[in-house]
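Written out below as structure tokens is the structure these notes cover.
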Amino acid sequence: MKIEKVKFDRLKMPLLSSFQTSFGTVTAREFVLVSVFGEGHVGYAECVAMDAPVYNEETIDSALHVAEQFIIPKLLETELDTPEDFSTIFSWIRKNNMAKSGIESAIWDLYAKQNGISLSKALGGNKEEIEVGVSIGIEPTVEGLLKKVEGFLEEGYKKIKIKIKPGVDVERVKAVRERFGYDIPLMADANSAYTLADLETLKQLDQYKLIMIEQPLAHDDIVDHSKLQRELETPICLDESIHSLEDARKAIELGSCKIINIKIGRVGGLTQAKKIHDLCQEKGIPVWCGGMLESGIGRAHNIAVASLSNFTIPGDTSASKKYWAEDIIEPDVVLSKPGIVTVPKEPGIGYKLRQDVVDKYLLSSKVY
Ligand SMILES: O=C(O)CCC(=O)C1=CC=C[C@@H](O)[C@@H]1C(=O)O
Ligand SMILES: [Mg+2]
């Protein structure tokens with residue numbers, strides 16, 4: 001595969017409703033749409049780095065810098081046999097996974113289009129539809145949270161994820177359980193807001209039978225998580241702590257988690273996501289696909305990767321209309337049935353780019 005040209009479009013799209021987590025509130029999503037050109041086709045992906053280093057060490061500007069200085073010049077002079085070659089060639093770059101993932105995922109889309117197969121098929125996916133869940137940010141009031149949960153349950157979402165932080169945790173989980181019962185698949189994401197000193201609070205959550213508690217402790221920890229998992233009945237799911245196949249191997253060996261949230265951007269691309277998926281399958285650790293408030297392009301990649309067999313838990317891959325007044329793809333990501341998204345069979349990501357909407361939210365463009 002020869003990459004003839006790379007294009008970065010920096011976009012800023014207003015979210016339909018703000019999204020609060022333990023580390024801040026997002027009201028608009030700034031991101032980079034990546035296009036890679038080769039043999040008459042265009043591959044698309046999204047660099048999901050945020051505009052501040054709050055989720056991981058990257059920002060949009062750091063990702064652009066690493067891509068421009070260290071990835072693109074080498075990429076444009078290299079013949080790739082397969083998309084997997086990318087992570088081998090650029091394995092020398094420490095972390096900066098979202099910088100790598102944005103380009104690597106676009107190359108996967110290009111490869112699938114050049115070979116006339118869906119991205120799902122190119123990755124080895126075996127599902128024609130995926131069950132999806134929804135992630136709800138920290139709401140100002142309990143009633144506001146319950147109203148959101150009710151709405152998403154009515155749409156048939158197969159997993160409800162609520163955000164928690166110290167002081168906004170047990171009461172919220174209790175309220176959801178009391179209003180909607182114990183049959184709804186409910187989880188909580190703490191985004192590293194707790195420490196082992198909060199053990200008693202976290203143990204209180206056990207009584208509410210969450211399907212998991214995501215990333216309760218530090219973003220770069222697997223040791224304290226293994227101590228915590230021994231104290232909790234609730235399965236711990238790791239998100240921010242898992243940046244690589246090695247992180248996953250160590251966390252599983254230490255018993256730091258019983259579930260892993262795979263995010264393509266966080267782990268450096270689709271090749272690494274597949275490797276982590278395969279390791280988890282071998283070790284009996286179920287995985288699911290987390291979200292980074294993506295536009296439809298990033299969402300399309302999440303749908304493809306979630307079609308792999310060990311993605312057995314519904315991901316945060318909600319419909320476009322949860323986030324955007326208008327998305328940059330057509331058709332929008334929609335629920336084909338309650339809580340279900342159909343995996344496209346068309347070549348590549350299976351969604352077309354809506355250039356008119358890209359132009360509307362475009363901050364800057366650069367071609368390499
Ligand atoms: O994209 C979605 O719907 C899920 C968004 C979401 O939950 C998150 C996005 C980005 C960082 C975090 O705040 C959080 C997560 O940890 O999964
Ligand atoms: Mg998370």
Side-chain angles (χ1 to χ4, degrees), residues 13 15-31 46-60 97-98 101 130 132-139 145 148-149 151-152 155 157-165 168 186-194 210-221 225 235-243 251 257 259-267 287-303 305-306 313-324 327 332-333 335 339 341:
M13 291 169 68
L15 283 164
L16 279 175
S17 53
S18 65
F19 186 84
Q20 186 191 347
T21 68
S22 62
F23 55 65
T25 299
V26 181
T27 56
R29 190 64 167 97
E30 199 169 328
F31 64 96
E46 190 167 327
C47 174
V48 296
M50 300 181 85
D51 47 16
V54 287
Y55 172 75
N56 72 349
E57 79 286 358
E58 297 183 84
T59 66
I60 296 167
N97 282 345
M98 293 175 176
S101 173
I130 58 169
V132 294
V134 63
S135 175
I136 303 172
I138 295 176
E139 289 293 318
L145 171 65
K148 287 222 168 176
V149 172
F152 290 126
E155 291 190 70
Y157 279 104
K158 303 287 187 187
K159 174 166 73 75
I160 300 290
K161 167 162 124 175
I162 66 173
K163 295 288 178 175
I164 59 171
K165 64 180 181 183
V168 189
L186 180 64
M187 67 169 284
D189 186 353
N191 290 111
S192 303
Y194 298 87
L210 294 172
I211 53 175
M212 69 187 90
I213 179 166
E214 185 181 352
Q215 201 68 38
L217 307 180
H219 66 93
D220 54 357
D221 166 80
H225 279 100
I236 289 175
C237 169
L238 291 179
D239 172 353
E240 287 91 335
S241 295
I242 307 298
H243 298 273
C257 61
I259 301 168
I260 288 180
N261 166 348
I262 292 178
K263 291 182 178 179
I264 301 163
R266 188 193 77 229
V267 301
V287 301
W288 56 281
C289 185
M292 288 297 292
L293 304 172
E294 292 94 342
S295 76
I297 292 292
R299 208 156 292 278
H301 281 267
N302 292 345
I303 293 164
V305 83
I313 298 170
D316 288 348
T317 315
S318 320
S320 295
K321 72 178 177 119
K322 175 182 182 279
Y323 308 87
W324 316 116
D327 204 339
D332 272 7
V333 173
L335 299 183
V341 169

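Just so you know, ligand 1 is whichever comes first in the structure, and atom 1 is the first atom listed for that ligand.
- Atoms OG1 and CG, from T317 and N302 in turn, are 5.0 Å apart once rounded to the nearest 0.5 Å.
- The SG atom of C289 sits 12.0 Å away from the CD1 atom of I313 when rounded to the nearest 0.5 Å.
- Looking at atom 10 (C) of ligand 1, its nearest protein heavy atom turns out to be M292 SD, 3.5 Å.
- Checking D239 against the Mg ion (ligand 2), an N/O/S atom falls under the 2.8 Å cut-off.
- In terms of N/O distances under 3.5 Å, ligand 1 is approached by D189.
- Contacts between K263 and ligand 1, counted as non-hydrogen atom pairs separated by less than 4.0 Å, involve the side chain only.
- Close contacts between ligand 1 and K161 involve ligand atoms 7 (O), 15 (C), 17 (O) [criterion: under 4.0 Å to a heavy atom].
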Apply the test salt bridge (Lys or Arg N to Asp or Glu O under 4.0 Å) to residues K321 and E155: give CA-CA distance (whole Å), side-chain angles for both, the deciding distance (0.1 Å), then the verdict.
CA-CA 12 Å; K321 72 178 177 119; E155 291 190 70; 3.4 Å; yes
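- In this structure, atom 8 (C) of ligand 1 lies nearest to the protein heavy atom G291 O, 3.6 Å.
- Residue Q215 places every heavy atom at 4.0 Å or more from ligand 1.
- Remark: ligand 1 atoms within the under-4.0 Å shell around heavy atoms of D239 are 15 (C), 16 (O), 17 (O).
- For the salt bridge (charged side-chain N to carboxylate O under 4.0 Å, His left out) with D316, the lone residue among K163, K159, K158 that qualifies is K159.
- If you check which protein heavy atom lies closest to atom 13 (O) of ligand 1, you get T21 CG2, 3.0 Å.
- Here L293 has heavy atoms under 4.0 Å from ligand 1 in both its backbone and its side chain.
- Atom 7 (O) of ligand 1 has its closest protein heavy atom at S135 OG, 2.9 Å.
- For D189, the N, O or S atom with the smallest separation from the Mg ion (ligand 2) is OD2.
- Annotation: atom 11 (C) of ligand 1 to nearest protein heavy atom, Y55 CD1, 3.6 Å.
- Using modelled atom types, one finds no donor on one side chain facing an acceptor on the other under 3.5 Å when comparing D189 with Q215.
- The Y323 neighbourhood of ligand 1 comprises atoms 1 (O), 2 (C), 3 (O), with distances under 4.0 Å to a heavy atom of that residue.
- Side chains of S318 and Y323: a donor-acceptor N/O pair is present below 3.5 angstrom, by distance only.
- Side-chain contact between E214 and M187 is present, with at least one heavy-atom pair separated by less than 4.5 Å.
- The minimum distance between the Mg ion (ligand 2) and any N, O or S atom of E214 involves atom OE2.
- Looking only at distances, a side-chain donor or acceptor of D221 sits under 3.5 Å from a matching main-chain atom of H225.
- Remark: the E240 side chain and the S192 side chain contain no N/O donor-acceptor pair separated by less than 3.5 Å.
- Listed for the R266 side chain is a donor-acceptor partner under 3.5 Å among the backbone atoms of N261.
- Using a 4.5 Å heavy-atom cutoff, the side chains of W324 and V333 are not in contact.
- In terms of protein heavy-atom proximity, atom 16 (O) of ligand 1 is closest to N191 ND2, 2.8 Å.
- At the shortest separation from atom 6 (C) of ligand 1 among protein heavy atoms lies F19 CZ, 3.6 Å.
- The single protein non-hydrogen atom nearest to atom 14 (C) of ligand 1 is K163 NZ, 2.9 Å, given as residue, atom name and distance.
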